Protein chains: 2
Amino acid sequence: MSVNDNSVNIKNDKRGYHHGDLRSALVQAGLELLKTRSAEEVSLREIARLVGVSATAVYRHFPDKAALLGALCDEGGRELGRLQLEAMQRSGGGRAGFDAVGRAYVRFALDNPTLFRMMMTTRQAVDFLDMPEGRDNSALQLLRDNIASLTPAGASPEQRRIAALRAWSIVHGLAMLMLDNQVPTDEALIDAVIDSMSAGIAT
Amino acid sequence: MSVNDNSVNIKNDKRGYHHGDLRSALVQAGLELLKTRSAEEVSLREIARLVGVSATAVYRHFPDKAALLGALCDEGGRELGRLQLEAMQRSGGGRAGFDAVGRAYVRFALDNPTLFRMMMTTRQAVDFLDMPEGRDNSALQLLRDNIASLTPAGASPEQRRIAALRAWSIVHGLAMLMLDNQVPTDEALIDAVIDSMSAGIAT
DNA sequence: CACTCATGTTATCGCTGTAAACATTGCCGA
DNA sequence: TCGGCAATGTTTACAGCGATAACATGAGTG
């Protein structure tokens, strides 16, 4: 009779036995919980509870917890791509665009700490360096073009690779360090580091 | 009668009721398990099992699991400091020393993925940028001096701060990206990025 | 209108971290 | 030398977790 069993029994609002679109409701609820709790603190049962459904209903839509979290990561990836693309376009491209994309990357990380961490830890490698022309990473592709246009004309592909990786390392490292409170989350600091990054890209 | 209860009952070797130095045995075992398993996959009970002691015995030495993991982080921090100091000294300081410390940082991360991740996520901020002259971070202090000597003579303290943070971001970002398989773990790549980092430190 | 099968539920398992009560023993003062 | 206490171990217990299996419901199609 414990209230924390698999059953939830709330089911306050009128929705019958079938939910309608449980899958996206679970994703929605998961993203919501990730805003406050850290990743391993979010339980399947809690997500199900929030949606108002039994814990095991989740397994009709995801093979296991990792799969659900993976879906959250997908959602986050799309959002990040959108933000980066928007930042790039708003800034007008070129070096300013490069900086803007970097800032969008860091900002996304700071705005979605748990999700970002999970995306990086869990997700399949995007293989940013080899830049597959694949479907879903338009932002990365944009970035690639930008880096290509910023590096000196005579730069070898290998040099471009290094420049790209260094730039990625800078924004990623900065984001992680701030996420982990190793460095104060200071807007001016972000700008300064990113500025010094793009200044040095034509090494 | 389950074999997975709190009790372990192995206790094969002759050690009586009292262990002798259970605390460091637990730390030792914890570090061992972290080599193969990821952090959240290591359970208190498993560590205790490995040491041959009941699960709850742990609580005589650590208030909770986080505290034990914290002790592992401390150990890792000391080791990292040692390695960086050694790298610095072996290389003879200067720019070579700076690179060597960066490489040691990345290498430590790659050699101790779980521990490194935990150290960064869990640990109290070292506040690398403000560089407390504190006792235990001799390596960081060394690094600070090195950065100071590498930046142009006319650089302001703020500029040095930025240069230091960018350098840290590069090695940290590179380490994390490789740890997360976002980038191939390639020795030559590490060298190239770090080389381009120290080349650009006098920006 | 009946059947089917996708989608929900309940019951249960073994694992986890942790609290509480009990057991053992090293050590220190009388 | 002995008595007892504090430190350090053990057993027992509990709630929450992810996951499986068996069962219930009902939407949509023939």
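Chain letters run A, B, ... following the sequence lines, proteins first, then strands; residues in each count from 1. It should be emphasised that the depicted structure is a prediction, and the values quoted were computed from it without experimental measurement.
One can place CD1 of B:Ile47 at 12 Å from C1' of C:dG17, the figure rounded to the nearest angstrom. Atom CG of A:Leu44 and atom P of D:dA19 are 6 Å apart (whole Å). Atom CZ in A:Arg45 sits roughly 11 Å away from atom C1' in C:dT12 (whole-Å rounding). When rounded to the nearest whole Å, the span between CG of B:Leu69 and P of C:dT16 equals 14 Å. Atoms CG (A:Asp21) and P (C:dA6) sit 17 Å apart, rounded to a whole Å.
The salt bridge (charged side-chain N to carboxylate O under 4.0 Å, His left out) test applied to A:Glu46 returns A:Arg37, not counting sequence neighbours.
A heavy-atom distance below 4.5 Å is found between the side chains of B:His172 and A:Met176. The shortest side-chain heavy-atom distance between A:Ser169 and B:Leu177 falls under the 4.5 Å cut-off. Put simply, the side chain of A:Val193 does not reach to within 4.5 Å of the side chain of A:Val171, judged on heavy atoms. Side-chain contact between B:Leu179 and B:Arg117 is present, with at least one heavy-atom pair separated by less than 4.5 Å.
Less than 4.0 Å separates DNA chain C from at least one heavy atom of each of the following residues of residues 58-68 of chain A: A:Arg60, A:His61. Scanning residues 23-40 of chain B for heavy-atom distances under 4.0 Å to DNA chain D yields an empty list.
Checked for salt-bridge contact, B:Asp111 and B:Lys35 miss the test: no charged N lies under 4.0 Å from a carboxylate O. Of the charged side-chain nitrogens involved, at least one lies within less than 4.0 Å of a carboxylate oxygen, so that B:Arg107 and B:Glu187 count as a salt-bridged pair.
A donor-acceptor pair is defined here as one N or O able to donate and one able to accept, closer than 3.5 Å; such a pair exists between the side chain of A:Thr36 and the backbone of A:Leu33.
A donor-acceptor contact under 3.5 Å is formed by the side chain of A:Thr56 with the base of C:dT10.
Nearest nucleotide to the side chain of A:Ser43, out of C:dT16, C:dG8, D:dG18: D:dG18.
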